[in-house]
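See structure below.
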Amino acid sequence: MSTLIGALPAPTLWKRVQAHPLLWPLVTLALILTVNASLNPGFWVLQWRDGHLYGSLIDILNRAAPLMLVSLGMTLVIATRGIDISVGAVVAISASVAALMIGGTLVINNGVATHVSRFPMPLAIGCALLVALACGLWNGLLVAKIGLQPIIATLILMVAGRGIAQLVTGGQIVTVYYAPYFYIGNGFLWGLPFALFIAAGVFLAVHLVLTRTALGLFIQAIGINPAAARLAGVRERLITVCVYAFCGLTAGVAGLIISSNVKSADGNNAGNLMELDAILAVTLGGTLLTGGRFSLGGSLLGALIIQALTSTIYSIGVPPEINLVVKAAVVFVVMLLQSAEFRRAVRGWLVRPAAGGQA
């Protein structure tokens with residue numbers, strides 16, 4: 001038997017590359033960036049000004065950071081056969097709580113006008129994240145303990161969450177005047193956007209936890225067969241609750257970045273449709289909606305694809321009323337190219353005429 005195994009030819013480098021789950025997301029991102037560069041001659045140009053980098057690539061990375069964070073949480077939820085369509089509302093709630101608690105009152109000290117936060121900024125950020133974590137726990141309890149379908153359980157918060165955010169803000173756009181808060185979404189560290197370091201830090205922490213412990217295997221087992229995982233001793237309900245809680249927490253961090261970036265919080269529009277972009281990013285990255293197989297790195301690439309595609313659409317000058325249609329069409333084509341069944345069918349259609357001609 002060992003002789004037969006040793007006699008089997010080793011897969012070539014190209015076949016190994018073709019089999020890599022991140023191949024198609026990388027190819028898609030490269031194609032979109034190339035198209036964007038062809039439309040914008042200065043797309044690849046990076047400039048160092050005021051102690052940090054400027055350029056279209058930096059802008060894409062900065063704007064993609066909130067979606068990266070939400071996509072990381074969504075990846076684990078989808079890996080357990082779930083879905084969370086309330087993340088956009090949680091983004092709005094988190095942003096509203098932080099903006100309301102920080103605010104900013106104009107104070108004159110020794111003739112110098114400064115803005116003072118209503119509450120200490122760490123307290124405001126902590127409260128916003130705790131509220132977001134509570135939203136995720138609520139979803140997880142409805143799914144794991146009550147037994148509601150994930151899409152129904154999270155639909156409840158998706159609808160109610162917008163109302164909660166507007167109650168927090170009084171139906172108004174809350175403006176933030178406290179300069180230190182702006183660093184979260186607009187600051188730079190070592191020349192790169194600080195929000196990018198937040199997303200990278202969360203990714204690294206989750207990656208280490210999933211690969212250095214058995215948690216990643218447990219999540220895959222739950223996604224493949226929850227009943228079998230439960231019988232094998234996996235604490236399926238507890239893990240499911242924790243996964244939804246983490247998804248809520250990542251949405252809360254994204255809400256902080258977004259509100260810091262625009263220096264305000266809009267309970268009605270903050271995080272609008274972000275749940276759909278997150279689901280698209282996760283699926284573009286190769287995570288199966290049926291649960292089980294997932295890829296954190298692929299989800300980050302998916303978020304970059306979504307943001308790069310948005311930037312390209314704006315560069316083309318597509319009217320705002322049809323840019324969502326263009327975005328949906330491009331994503332549809334990309335998903336077809338990622339489908340092994342579709343590629344197999346196309347190869348079959350191409351081979352049949354050639355075989356008929358030879359006959």
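One is the number of the first residue; the rest follow in order along the sequence. Small disclaimer: the values here were computed from a predicted structure and weren't measured.
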[Y] side chain reached by [X] side chain, heavy atoms, under 4.5 Å:
X      : Y      : result
Val143 : Leu148 : no
Gln47  : Val45  : yes
Ile93  : Ser96  : no
Phe119 : Ile102 : no
Arg230 : Ile222 : no
Leu210 : Leu76  : yes
Leu129 : Leu256 : yes
Leu46  : Ile58  : yes

- [ ] Please report the C-alpha distance between Ile125 and Ile184 in whole Å, then the side-chain angles of each, then the deciding distance to 0.1 Å, and finally whether the side-chain contact (heavy atoms from CB on, under 4.5 Å) criterion is met.
- [x] CA-CA 11 Å; Ile125 291 175; Ile184 299 174; 3.7 Å; yes
Please confirm whether the backbone N or O of [Y] pairs with a side-chain atom of [X], one donor and one acceptor, at under 3.5 Å?
X      : Y      : result
Arg237 : Lys145 : no
Asn186 : Ser260 : yes
Thr287 : Ser295 : yes
Glu275 : Gly88  : yes
Arg49  : Tyr54  : no
Arg293 : Gln220 : no

Task: From Leu26, Leu284, Ile306, residue fulfilling side-chain contact (heavy atoms from CB on, under 4.5 Å) relative to Leu301 - done: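 Testing Leu301 for a side-chain contact (heavy atoms from CB on, under 4.5 Å) against Leu26, Leu284, Ile306 leaves exactly one candidate, Leu26.
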Once you round to the nearest 0.5 Å, how far does [atom1] of [X] lie from [atom2] of [Y]?
X      : Y      : atom1 : atom2 : value
Cys135 : Ile164 : SG    : CD1   : 6.0 Å
Met74  : Phe294 : CE    : CZ    : 15.5 Å
Leu72  : Leu249 : CG    : CG    : 11.5 Å
Leu53  : Leu192 : CG    : CG    : 6.0 Å
Thr310 : Asp277 : OG1   : CG    : 6.5 Å
Ile78  : Ile83  : CD1   : CD1   : 4.0 Å

Open item on the list: Could you check whether atom CD1 of Ile151 has more than 12 heavy atoms from other residues, nucleotides or ligands sitting under 6.0 Å from it?
Closed with: no
Open item on the list: Please determine whether the number of non-hydrogen atoms from other residues, nucleotides or ligands lying under 6.0 Å from atom CZ of Arg63 exceeds 12.
Closed with: no
Kindly work out whether a path of hydrophobic side-chain contacts (I/L/V/M/F/W/Y, heavy atoms less than 4.5 Å apart) joins [X] to [Y].
X      : Y      : answer
Leu280 : Leu273 : no
Val90  : Met158 : no
Leu304 : Leu39  : yes
Leu155 : Leu276 : no
Ile305 : Val35  : yes

Open item on the list: Assess the residue pair Leu141 and Val241 against the criterion (side-chain contact (heavy atoms from CB on, under 4.5 Å)); give the C-alpha distance rounded to whole Å, side-chain angles, the decisive distance to 0.1 Å, and a yes or no.
Closed with: CA-CA 6 Å; Leu141 290 173; Val241 171; 4.3 Å; yes
Open item on the list: Taking the cut-offs as 6.0 angstrom to the six-membered ring centre and 45 degrees off its axis, would you call Lys263 and Phe182 a cation-pi pair?
Closed with: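 Flagged: Lys263 positioned over aromatic ring of Phe182.
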Check whether the side chains of [X] and [Y] place a donor and an acceptor atom closer than 3.5 Å, and report yes or no.
X      : Y      : result
Thr75  : Ser299 : yes
Ser86  : Asn139 : yes
Ser259 : Tyr181 : yes

List the atom of [X], the atom of [Y], and the distance in Å for their closest heavy-atom pair.
X      : Y      : value
Gly185 : Asn261 : O-ND2, 3.2 Å
Ala281 : Ala303 : CB-N, 3.5 Å
Val202 : Phe246 : CG1-CZ, 4.1 Å
Ala65  : Leu196 : CB-N, 4.2 Å
Val77  : Asp84  : CG1-N, 4.0 Å
Asn268 : Arg162 : O-NH1, 3.4 Å

Task: Aromatic contact, Tyr244 with Trp138 (centres under 6.0 Å) - done: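 No, the ring centres sit 6.0 Å or more apart.
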TODO: Could you tell me whether Phe194 and Tyr183 have their ring centroids closer than 6.0 angstrom?
DONE: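 They qualify: ring centres under 6.0 Å apart.
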TODO: Not counting sequence neighbours, which residues clear side-chain hydrogen bond (donor to acceptor under 3.5 Å, both in side chains) with Asn269? List them please.
DONE: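 Only Asp266 meet the side-chain hydrogen bond (donor to acceptor under 3.5 Å, both in side chains) criterion with Asn269.
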Task: Listed partners of Asn36 passing side-chain hydrogen bond (donor to acceptor under 3.5 Å, both in side chains), at least two apart - done: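 Ser311, Thr312, Ser315.
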Open item on the list: The test is side-chain contact (heavy atoms from CB on, under 4.5 Å); show your working for Ser264 and Val176 and say whether it passes.
Closed with: CA-CA 5 Å; Ser264 63; Val176 181; 5.7 Å; no
TODO: Starting from the C-alpha separation in whole Å, work towards a yes-or-no answer on ring-ring contact (aromatic ring centres under 6.0 Å, His included) for Phe197 and Trp190.
DONE: CA-CA 10 Å; Phe197 286 94; Trp190 299 325; 5.6 Å; yes
